[in-house]
Amino acid sequence: MAERYSSFAPGGTAWLLQRITAAFLVVVLAFHFFLLHFVNHAADVTFAGTQARMENVGYFLTMVLFLIAGTFHGVNGVYNALINQGLEGTQKKVVLAVLVIASVGLIAQGIWVAIEMAGW
Amino acid sequence: MSQSYNRGLIEDFGRWKEFSAGMWAWIFHKFTGWMLIGYLFTHIAVLSSALTGPEAYTNTIQGLESLFIIRVLEVGLLAVAVFHILNGLRLLMVDLGVGLEAQDKSFYASLILTGIIAVASVPTFMDGVTI
Ligand code: HEM
Ligand code: HEM
């Protein structure tokens, strides 16, 4: 008998998107840690070093996609966990609104920062 | 494929002594997921020092990295992220119906691998910092 514990209703849109973003995040998150801890030491990060990476359009786009995918995956995860715990009605709508605003804010801020880092 | 069965109210954490491996995996996955999204918000806030100017950014990051406690937290973050990634991969396999008979084993494997990777990264993460 297969055990299956999940906060998500299997086969739904939220479930599918959670899995697609996860597959993408595996790659970029591992890349991110590797780059900023082993290739470049985190303690040696300077603005100039960050700029040199961010100026590269491919790197810039990867980081922005990472930001968007990470935010979606994380917030979607939190939202589904709450629904799984029985969140419904008005509360559910309010939570969704708050989470959407927080996500859009985080992504906007992150893109602004990334543009500033690239020096564009 | 997975079949449904009465799992009782698993959200009742008071029953933790009865939890199976899959249940623990689920709890750890939640916990690490929430840590990561919390970190992401903090991360962007710290990186936002770039908006004040190059010096502010460099000073903020180097100032933080010179703190012993930050390095300890970073090792913790790495462990959290590695577990979430490995167990996440395991969940993707489970959903695809691959390796269902090895679910418990792959959970223990995720835990052990996380431990090894976290310990192995300590020298790199702690480089050049003292209490
Ligand atoms: C302690 C480990 C980490 C360190 C030292 C670190 C460091 C950095 C640095 C220095 C940058 C600026 C870009 C660059 O210099 O190339 C950056 C960007 C970024 N990091 Fe991390 N990071 C860490 C962990 C994480 C984790 C766990 C996540 C995901 C939850 C993450 C998500 C991001 C994102 C999305 C960006 C792009 C920001 C933007 O577009 O404004 N980082 N990170
Ligand atoms: C790096 C690769 C990653 C993989 C393979 C992965 C995989 C997964 C999967 C499969 C789920 C669904 C679990 C379920 O069915 O209940 C999930 C949930 C979640 N993930 Fe990730 N994830 C990754 C990265 C991240 C990142 C970067 C964040 C934060 C920014 C994050 C935050 C979460 C949260 C909050 C949940 C919901 C947990 C809950 O049920 O309470 N994950 N992850």
Side-chain angles (χ1 to χ4, degrees), chain A residues 1-8 10-11 15-16 18-20 22-23 25-27 29-30 32-33 37-38 41-51 54 66-67 70-71 73-78 81 84-86 99 102-103 105-119, chain B residues 1-5 7 10-11 20-23 25-27 29-30 33-34 36-41 43-45 47-51 53-58 61-62 64-66 70-71 74 77-78 81-82 84-85 88-89 91-92 94-95 97 100-101 103-104 121 124-125 127-129:
Chain A
M1 179 175 60
E3 273 190 78
R4 184 180 183 285
Y5 292 115
S6 171
S7 300
F8 288 80
W15 173 88
L16 183 66
Q18 189 74 2
R19 265 127 260 267
I20 292 174
L25 285 170
V26 175
V27 183
L29 188 57
H32 191 56
F33 266 113
H37 278 292
F38 295 94
H41 267 331
D44 302 334
V45 168
T46 57
F47 188 80
T50 293
Q51 186 150 57
M54 278 293 191
F66 179 23
L67 173 73
T71 306
H73 177 97
V75 173
N76 189 42
V78 167
N84 186 46
Q85 297 286 340
L99 289 177
S103 308
L106 184 69
I107 291 173
Q109 176 81 11
I111 293 178
W112 183 28
V113 169
I115 292 173
E116 195 71 27
M117 284 171 170
Chain B
M1 283 310 289
S2 64
Q3 56 185 109
S4 61
Y5 65 105
R7 57 180 188 173
I10 56 167
E11 285 76 13
S20 63
M23 185 63 201
W26 185 72
I27 290 178
H29 200 79
K30 278 173 131 15
W34 286 65
L36 284 172
I37 186 67
Y39 176 77
L40 186 56
F41 277 87
H43 197 38
I44 298 297
L47 296 177
S48 293
S49 54
L51 299 174
E55 304 77 35
Y57 179 82
T58 307
I61 295 192
Q62 301 210 332
L64 285 171
E65 293 292 341
S66 67
I70 292 288
R71 299 297 189 93
E74 279 179 353
L77 180 71
L78 178 84
V82 170
H84 194 90
I85 293 178
L89 287 171
L91 292 177
L92 294 180
V94 170
D95 278 334
L100 291 182
E101 44 329 298
Q103 274 191 61
D104 288 11
S121 69
T124 313
F125 275 55
D127 192 45
V129 67

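The chains referred to below are lettered A, B, ... by the order of the sequence lines, with proteins before strands, and numbering in each begins at 1.
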Task: Contact winner vs chain A - B:Ser66, B:Gly22, B:Ala81, heavy-atom pairs under 4.5 Å - done: B:Gly22

TODO: Let me know if B:Leu47 has heavy atoms under 4.5 Å from chain A in its side chain, its backbone, both or neither.
DONE: both

TODO: Against chain A, label B:Glu74 side chain, backbone, both or neither, depending on which of its atoms sit under 4.5 Å from a heavy atom there.
DONE: side chain

- [ ] Quick one: which of A:Val75, A:Val45, A:Asp44 has the most heavy-atom pairs under 4.5 Å with chain B, could you say?
- [x] A:Val45

Task: Which atoms of A:Trp112 approach chain B - backbone, side chain, both or neither, heavy atom under 4.5 Å - done: both

Open item on the list: Under the rule for ring pair (Phe, Tyr, Trp, His ring centres under 6.0 Å), what residues qualify as partners of A:His73, not counting sequence neighbours?
Closed with: none

Task: Heavy-atom pairs under 4.5 Å with chain B, option from A:Ile115, A:Val26, A:Leu67 with the top count - done: A:Val26

Open item on the list: Is B:Leu78 close to chain A through its backbone or its side chain, or both, or neither, when contacts mean heavy atoms under 4.5 Å?
Closed with: both

Task: Inter-residue atom distance B:Leu40.CG - A:Leu106.CG, 0.5 Å rounding - done: 5.0 Å

- [ ] For chain B, find which of A:Gly110, A:Ala48, A:Ala42 contributes the most heavy-atom pairs closer than 4.5 angstrom.
- [x] A:Ala42

Task: B:His29 portion near chain A, given a 4.5 angstrom heavy-atom threshold - done: neither

Task: Heavy-atom proximity to chain A below 4.5 Å, by part of B:Leu92 - done: side chain

Task: Partners passing ring pair (Phe, Tyr, Trp, His ring centres under 6.0 Å) against B:Phe41 (at least two apart in sequence or in another chain) - done: none

Open item on the list: Can you tell whether the side chains of A:Arg4 and B:Asp95 come within less than 4.0 Å, N to carboxylate O?
Closed with: yes

- [ ] Identify which part of A:Ala102 has an atom lying under 4.5 Å from any heavy atom of chain B, answering side chain, backbone, both or neither.
- [x] both

